[in-house]
Number of protein chains: 2
Amino acid sequence: MTNQRDIARLAKTSLKTVSRVINRDPLVNEVTRKRIQDIIDQTGYVPNEAARMMRSQTSDIVGFLSEDVATTSSSIDLVRGAQDVAHAMGKQMMLFNIRRGEASETEALAQLARFRAGACILATSFHREVPLPRTDMKTVLLNCYDAAGETATVLPDDRQLGHDLVQELLRRGYRRPLFLNLAPELAGARLRAEGFVAAGREAGMDLSGRIRTASAGPDRDHTYYVDEILTVEMAGPERPDVLICGQDLMALPVYFALMRLGLSVGKDVAVTSFDNLQPLAKLMQPGLTTMDLPYYDMGRVAMQQALSENDSPVRQLVQGQLVERDSLPAKGTA
Amino acid sequence: MTNQRDIARLAKTSLKTVSRVINRDPLVNEVTRKRIQDIIDQTGYVPNEAARMMRSQTSDIVGFLSEDVATTSSSIDLVRGAQDVAHAMGKQMMLFNIRRGEASETEALAQLARFRAGACILATSFHREVPLPRTDMKTVLLNCYDAAGETATVLPDDRQLGHDLVQELLRRGYRRPLFLNLAPELAGARLRAEGFVAAGREAGMDLSGRIRTASAGPDRDHTYYVDEILTVEMAGPERPDVLICGQDLMALPVYFALMRLGLSVGKDVAVTSFDNLQPLAKLMQPGLTTMDLPYYDMGRVAMQQALSENDSPVRQLVQGQLVERDSLPAKGTA
DNA sequence: TATCAATTGTCTCACGTTGTCATTATCGGT
DNA sequence: ACCGATAATGACAACGTGAGACAATTGATA
């Protein structure tokens, strides 16, 4: 592989001048610079990053430890956001699929230490508390947090998501929302419930009784109790005019349940949700109106934090916004 | 950061002996080894990968250039499979989201060259032909192929997928399959159609007229024409007893269309598909019987190829198999 | 011609690791 | 005690880059 010495020989110049050109030292004459640059381009020389890392004692590498990238497809956007920022700043990202607390985590951290990575981002597939990893590396928690709050953290503002969604529903004239929430073991579910109740209170309503737990815990993914709940509620005295699903994946069984009950989504009852899971939310019929979870932005913020000099344990909440489709019609037409 | 010299000083031994311990050289006396190892553990020393790379002139890094990781969630399994193999072999994988032919691709290849990566895997989100990237690096094409066939390639065996699915349907007594295929611009769609017709021919049937194009081209993702087609076909003289969807995402609008037609999936007509997209296929009601696309295995095979000494342009086809749920009932009950 | 600035070159070291080769310690056999 | 053999350890160089110190060269200007 060509090195700077080869370039110097070909350009009939000194090693030092080549080094100057590569490191954009302004002291070099434009003609010389051009001549050397041409040779660099011709030979396809690329500086040896290993040597640079060793010499400069810095590595330009940030680790991204992702718990179960596979399970939630939206978590990919965390990766994308982080990576886009990293590359824009000339940094490299190393991705590791891990399972928290298992060997895969230790190994990933060891590998990153080998590469003298400057920081690592630790992402989970859903919003929850985690034990801190044992590492000296600067760490940013993404979509998760530690109990002690000693680490920089980037989270979705689930309280805001719940609040703003309900506020919008009430503004549009809906009066009997029913929240089919995820299991309360999930931090996001608890926060959204808070926001849900708060938005009701601001409108002079007590919505605290309008929440049902409609999914099994995180250990039993995608087990929903929507049939049982809807069979009761849609025939009950306080029949909901809008259903709020804990996530888009839950909205799918909700659609099926409503059809079985002979009810039309958007006509007999509106349906909303959280995630904006692509392309599912768009492909459902009618299209699902849902609060977009800002995973891409969260990934960006986390990487910015990882690359910043700031070492304080900042806690950053990223907001989401409503994506409108047809499952939430204007109240007049419902 | 501690280095081998520090360890040597603390252990009152030479640099070389420390190096031997770290590289598990059996020449070292057990007593010495233990003494040095203890110091290594105490200090938390980790070898500097940059120095190792420079000294040994190899890098243990493989690049994974992924086109649009985000769009198709199944393509994550390509990443997972590749990564699992890489880590099992003590290699590191660097992931890059790129757009083919654009600056992001060139930059990714340049970064990998900087790190003196030994190989790169180039993955697309759907099976298709690609122009070869301009690089000297050993390249493995994953889920895509070059026209000249000059590069090692790992592809899903789409012909087998189409063939085996139809063979199984016929075996179960279905006689009027209708293939709602993806756009013929997609290589996978063409191959599955071949397999579809071939399996029919083997059973003495001419299925060549039983294929409809039900999706727009790759540039207009997730636009399906299933309503128009099904409205005609389900009322026509050759009413299908089983529908084969081009992908699980298409099965979703198919379900909705059938419901609108007052038909019950699994009862009035069976539905099958390709992908086994999680968790969608499981959450649809009834659960979707679908040919699993072996993305995880493809990722594994591609990484094995990337890490192998073999430089010949092998073309490896990875097979998939049927995942049974309730949308394809035993013929007797349909 | 003297002076100065701009440019280029020489030389040296440092980063952390590992391969080559040399040296020292130990042991068995005589 | 001595030899040879083997085991164990050590000294040193080199990988490619970047930087500092400073010398040398060129060209322009006073």
Side-chain angles (χ1 to χ4, degrees), chain A residues 1-40 43-61 90 92 110-118, chain B residues 1-40 43-61 90 92 110-118:
Chain A
M1 190 65 82
T2 38
N3 55 25
Q4 292 186 10
R5 192 171 293 113
D6 297 333
I7 304 290
R9 198 164 9 84
L10 289 170
K12 298 197 202 320
T13 178
S14 76
L15 191 53
K16 181 69 192 182
T17 307
V18 174
S19 171
R20 287 196 179 102
V21 169
I22 287 164
N23 294 287
R24 313 213 185 293
D25 188 323
L27 273 172
V28 187
N29 184 291
E30 176 57 26
V31 178
T32 318
R33 201 201 59 74
K34 176 81 164 62
R35 178 163 52 93
I36 295 179
Q37 187 61 53
D38 283 349
I39 304 234
I40 289 177
T43 56
Y45 164 78
V46 258
N48 185 323
E49 187 65 20
R52 221 217 80 242
M53 275 165 63
M54 193 165 68
R55 167 68 233 223
S56 64
Q57 300 290 80
T58 62
S59 87
D60 284 358
I61 290 182
Q92 285 310 306
Q111 277 299 337
L112 288 170
R114 279 197 162 71
F115 279 96
R116 302 292 187 259
Chain B
M1 192 65 84
T2 39
N3 56 27
Q4 292 187 8
R5 190 170 292 114
D6 298 331
I7 304 289
R9 198 163 8 83
L10 290 170
K12 301 201 198 315
T13 178
S14 78
L15 193 54
K16 183 64 206 187
T17 306
V18 174
S19 170
R20 287 202 178 92
V21 170
I22 287 164
N23 293 287
R24 314 211 186 295
D25 188 323
L27 273 172
V28 187
N29 183 293
E30 177 57 25
V31 179
T32 320
R33 201 199 60 74
K34 178 78 166 61
R35 178 163 52 93
I36 295 178
Q37 187 61 54
D38 284 348
I39 305 220
I40 290 177
T43 55
Y45 163 80
V46 254
N48 185 321
E49 187 66 19
R52 222 216 77 240
M53 275 165 62
M54 192 166 71
R55 172 66 236 225
S56 63
Q57 301 289 81
T58 62
S59 87
D60 283 357
I61 289 180
Q92 285 310 305
Q111 279 298 337
L112 288 171
R114 279 196 159 71
F115 280 94
R116 303 293 188 256

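Every chain is numbered from 1 and lettered A, B, ... according to where its sequence line falls, protein lines coming before strand lines.
Taking the side-chain contact (heavy atoms from CB on, under 4.5 Å) definition, one finds that Arg55(B) meets it with nothing, sequence neighbours left out. For the side-chain contact (heavy atoms from CB on, under 4.5 Å) test, residues two or more places apart in sequence or in another chain that qualify with Thr32(B) are Thr17(B), Val28(B), Asn29(B), Arg35(B), Ile36(B). For Arg5(B), there are no side chain to side chain donor-acceptor pair (under 3.5 Å) partners two or more places apart in sequence or in a different chain. Listed by chain and residue number, Ile39(B), Thr43(B) satisfy the side-chain contact (heavy atoms from CB on, under 4.5 Å) test with Leu10(B) (two or more places apart in sequence, or in another chain). Partners of Gln57(B) by side chain to side chain donor-acceptor pair (under 3.5 Å), not counting sequence neighbours: none found. Checked against side-chain contact (heavy atoms from CB on, under 4.5 Å), Asp38(B) has the following partners two or more places apart in sequence or in another chain: Lys34(B), Gln42(B). With sequence neighbours excluded, the residues that form a salt bridge (charged side-chain N to carboxylate O under 4.0 Å, His left out) with Arg33(A) are Glu30(A). Listed by chain and residue number, Arg9(A) satisfy the side chain to side chain donor-acceptor pair (under 3.5 Å) test with Asp6(A) (two or more places apart in sequence, or in another chain).
Residue-level contact check: Gln4(B) touches the bases, meaning some heavy atom is under 4.0 Å from a base atom. Using a 4.0 Å heavy-atom distance criterion, Leu15(B) is classed as a base contact.
For the contact set between residues 44-54 of chain A and DNA chain C, defined by any heavy atom under 4.0 Å, the members are Met54(A). Proximity of residues 24-31 of chain B to DNA chain D (heavy atom under 4.0 angstrom from any strand atom) is restricted to Leu27(B), Val28(B), Asn29(B).
In this structure, Asp25(B) contributes its side chain and Leu27(B) its backbone to a donor-acceptor pair below 3.5 Å.
If Thr17(B) and Gln57(B) are placed on DNA chain D by their nearest nucleotide, the residue sitting closer to the 5' end is Thr17(B).
We find that CZ of Arg9(B) is positioned 16 Å from C1' of dT17(C), with the value rounded to whole Å.
Along DNA chain D, the stretch of nucleotides lying under 4.0 Å from any heavy atom of chain B spans, 5' to 3', dA8(D) to dG16(D).
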Can you give me the N/O atom pairs linking the protein to nucleotides 19-22 of chain C at distances under 3.5 Å, or say none if there are none?
{"from": "dG19(C)", "atom 1": "O4'", "to": "Arg55(B)", "atom 2": "NH2", "distance (Å)": "3.3"}
{"from": "dG19(C)", "atom 1": "N7", "to": "Lys16(B)", "atom 2": "NZ", "distance (Å)": "2.5"}

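Nearest heavy-atom pair across Ser59(A) and Gly118(A) is OG-N, 4.1 Å. Scanning all heavy atoms of the two residues, the minimum distance from Phe115(B) to Met53(B) falls at O-CE, 3.6 Å.
Taking the side chain as every heavy atom from C-beta outward, Asn23(A) and Ser19(A) approach each other to under 4.5 Å.
Atom CD of Gln4(A) sits about 3.5 Å away from atom CD1 of Ile22(A), to the nearest 0.5 Å.
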